[in-house]
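Order of the sequence lines sets the chain letters (A, B, ...), proteins ahead of strands, with each chain counted from 1.
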There are 2 protein chains.
Amino acid sequence: MGIIERKEREKEQRREEIVTAAEKIFFEKGLAIATMDEIAEAAELSKGTLYLYYKSKEDLYLAVAMRGSEIMYKMFLEATSPEKSTIERIAGLAEAYYRFFKQNRDYFRMYQYFDNSQFHKQVSQDMLHTCATNDQKIWDLVIGLIQQGIDEGLFDADLDAKQAAIILWANGNAIMRLMDREDTYFTEHMKLDLEATLQKAYQLILEGMMTKKGKVKYHAIRQIEETV
Amino acid sequence: MGIIERKEREKEQRREEIVTAAEKIFFEKGLAIATMDEIAEAAELSKGTLYLYYKSKEDLYLAVAMRGSEIMYKMFLEATSPEKSTIERIAGLAEAYYRFFKQNRDYFRMYQYFDNSQFHKQVSQDMLHTCATNDQKIWDLVIGLIQQGIDEGLFDADLDAKQAAIILWANGNAIMRLMDREDTYFTEHMKLDLEATLQKAYQLILEGMMTKKGKVKYHAIRQIEETV
DNA sequence: CCCATTAAATGACTATCAGTCAGTAAATTG
DNA sequence: CAATTTACTGACTGATAGTCATTTAATGGG
């Protein structure tokens with residue numbers, strides 16, 4: 001039945017159109033200030049139709065955030081292409097996360113709500129499950145790579161790959177959140193270079209986890225990067 | 001004029017009563033779900049009265065959060081009492097932050113909104129300024145202590161005390177935020193011990209910043225703690 | 001003690017917005 | 001072409017942040 005297939009395709013398209021409209025509004029205003037009427041207008045649909053495709057404003061918000069998640073995953077895949085050495089791939093991941101932040105700040109910003117347990121309660125189980133699946137892909141990639149580093153003797157043998165992944169992520173995420181603050185508290189009032197702080201944090205943590213062999217290889221690639 | 005003074009005292013009391021009522025409701029429901037009518041009922045006042053004392057729901061929310069800030073500051077002061085050695089005081093700070101999280105999780109949770117630039121726009125300049133002043137006291141304490149560590153040769157001479165403070169805070173904060181998530185994603189699905197991860201992160205970062213002398217003293221006090 | 005003045009508090013009211021649902025329009029089918 | 005299914009609409013409901021004219025209480029001078 002070609003018609004059923006076409007209809008499904010069109011339905012999927014409509015879903016995407018709605019997400020595109022929502023994205024525009026959420027990027028401009030954030031979750032709290034954006035309204036469903038605005039989104040409906042941007043999508044050239046009635047508000048009622050939005051609710052045929054998404055259960056709530058919060059679900060729609062997460063649907064937009066998922067786009068960011070997919071972009072990040074693709075950037076991570078590119079940063080870890082198999083022709084590179086393990087150490088390059090690991091350094092590449094940290095760089096890719098920062099590039100994601102710089103180039104897709106609107107998406108990065110949307111993630112703030114993920115940690116909020118009150119927000120979780122306003123979201124459907126379905127959508128939460130989709131998010132968790134997407135997240136898992138990314139964690140698997142990072143953790144797998146760190147495990148490979150451990151196996152190759154670049155990282156301490158007693159390092160837990162999962163712990164290491166969390167620590168690296170936590171650092172980067174928290175410092176980038178500070179960078180994203182629009183007030184001038186840290187940059188002007190505290191006269192702090194947050195980008196340098198981020199680099200320093202990554203360096204401290206990565207080197208703290210590495211074996212002598214790992215550090216040698218890590219410094220070698222950083223040398224090359226700096227001379228380029 | 002004793003009457004004017006009494007009136008001012010009563011006004012201040014009323015302000016505190018309102019914050020106490022708001023605290024109860026915000027702790028239970030979070031910013032988005034709590035309503036000003038509920039808070040008014042808890043305060044045994046009409047909603048209009050709340051607005052005589054606070055400009056908006058968000059301002060009132062921050063007034064509650066400031067209580068948490070003050071508790072944290074007091075805990076930090078206690079953790080850094082002058083009779084202790086510098087290394088003990090620095091280790092004490094990290095522990096105190098974790099204790100604040102464990103014992104005052106409701107307050108900890110409220111801070112999530114501080115990073116949200118959309119939230120900043122919904123809050124009065126006055127309140128934002130009060131927050132910044134409170135924040136500054138805490139940063140000054142932490143940064144001053146790390147600077148002392150540098151001066152005493154416990155930390156690398158080329159370490160920037162402000163950067164170090166941010167990195168330590170960023171780590172702890174981000175991992176504790178994960179701990180606070182009410183879903184079981186990290187603990188059960190990923191089988192991760194987040195408390196151990198936090199300890200590991202602190203250890204990596206602190207040791208990465210320390211001189212040999214610093215590490216010796218740090219290990220000495222950790223030894224004592226473990227045997228207690 | 002009484003009344004004018006000031007200060008504090010009230011709650012009905014407005015505006016806004018998330019979410020619903022009875023009804024309409026369009027596409028499909030037989 | 002009529003019946004049926006599917007997609008969409010927008011007026012409506014209920015909830016809630018914030019306002020403001022009015023009421024209530026306290027104060028102080030006469």
- Message: Below 4.0 angstrom, which residues in residues 54-65 of chain A have at least one non-hydrogen atom near DNA chain D?
- Response: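 Residues of residues 54-65 of chain A that come under 4.0 Å of DNA chain D do not exist, since none gets that close.
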- Task: Please list, by residue number, the residues of residues 15-29 of chain B whose heavy atoms come closer than 4.0 Å to an atom of DNA chain D; answer none if no residue qualifies.
- Result: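 Residues of residues 15-29 of chain B that come under 4.0 Å of DNA chain D do not exist, since none gets that close.
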- Item | Within residues 31-41 of chain B: residues closer than 4.0 Å to DNA chain C (heavy atoms) | none
Salt-bridged, [X] to [Y], with N to O below 4.0 Å?
X        : Y        : answer
B:Arg6   : B:Glu10  : yes
B:Arg89  : B:Glu83  : no
A:Glu182 : B:Lys121 : yes

- Item | B:Thr49-B:Ser46 side chain donor-acceptor pair, cut-off 3.5 Å |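 The answer is yes; a qualifying pair exists.
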- With no hydrogens and no angle check, do the side chains of B:Asp140 and B:Gln136 hold a donor and an acceptor under 3.5 Å apart?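 Side chains of B:Asp140 and B:Gln136: pair found under 3.5 Å.
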- Message: Rounding to an integer number of Å, can you tell me how far A:Glu5 CD sits from C:dT28 P?
- Response: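 Roughly 14 Å, once rounded to whole Å.
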- Task: Can you tell me the distance, in whole Å, between the CD atom of B:Gln122 and the P atom of C:dC17?
- Result: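 Checked: the CD to P distance equals 12 Å.
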Return all side-chain donor-acceptor pairs below 3.5 angstrom for residues 168-179 of chain B, not counting sequence neighbours, or 'none' if the list is empty.
from	atom 1	to	atom 2	distance (Å)
B:Trp169	NE1	B:Tyr97	OH	3.2
B:Asn173	OD1	A:Arg177	NH2	3.3
B:Asn173	OD1	B:Arg177	NH1	3.1
B:Asn173	ND2	B:Tyr97	OH	2.9
B:Arg177	NE	A:Asp115	OD2	2.8
B:Arg177	NH2	A:Asp115	OD2	2.8
B:Arg177	NH2	A:Asn173	OD1	3.3

- May I ask you to check whether A:Phe114 and A:Tyr111 place their ring centers less than 6.0 Å from one another? yes
- Verify whether the ring centers belonging to A:Phe27 and A:Tyr107 lie closer than 6.0 Å.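 Here the rings of A:Tyr107 and A:Phe27 have centres that are less than 6.0 Å from each other.
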Non-neighbouring partners of [X] that pass ring-ring contact (aromatic ring centres under 6.0 Å, His included), sequence neighbours left out:
X        : value
B:Tyr54  : none
B:Tyr113 : B:Tyr61, B:Phe119
B:Tyr185 : B:His189

Anything under 3.5 Å between a donor and an acceptor, one on a side chain of residues 126-135 of chain A, the other on a protein residue two or more places apart or in another chain? List them.
from	atom 1	to	atom 2	distance (Å)
A:Thr130	OG1	A:Asp126	O	3.1
A:Thr133	OG1	A:His129	O	2.8

- Task: Check the surroundings of atom NZ in B:Lys84: do more than 12 heavy atoms from other residues, nucleotides or ligands lie under 6.0 Å from it?
- Result: yes
Any N/O pairs under 3.5 Å between the protein and nucleotides 8-10 of chain C? List them or say none.
from	atom 1	to	atom 2	distance (Å)
C:dA9	OP1	B:Arg14	NH1	2.3
C:dA9	OP2	B:Tyr53	OH	2.7
C:dT10	OP2	B:Ser46	N	2.8
C:dT10	OP2	B:Ser46	OG	3.4
C:dT10	OP2	B:Thr49	OG1	2.8

- Message: Test of understanding: with salt bridge (charged side-chain N to carboxylate O under 4.0 Å, His left out), list the residues that count as partners of B:Glu17, not counting sequence neighbours.
- Response: B:Arg14
- By salt bridge (charged side-chain N to carboxylate O under 4.0 Å, His left out), B:Glu188 pairs with (sequence neighbours left out) none
- Would you tell me if any nitrogen or oxygen in the side chain of B:Arg6 comes within less than 4.0 Å of OP1 or OP2 on D:dT27? yes
- Query: Using the C1' atoms of five pairs at each end, what's the angle between the two axes of the helix from C:dC1-D:dG30 to C:dG30-D:dC1, to 10 degrees?
  - Reply: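 Inter-axis angle at the ends, rounded: 20°.
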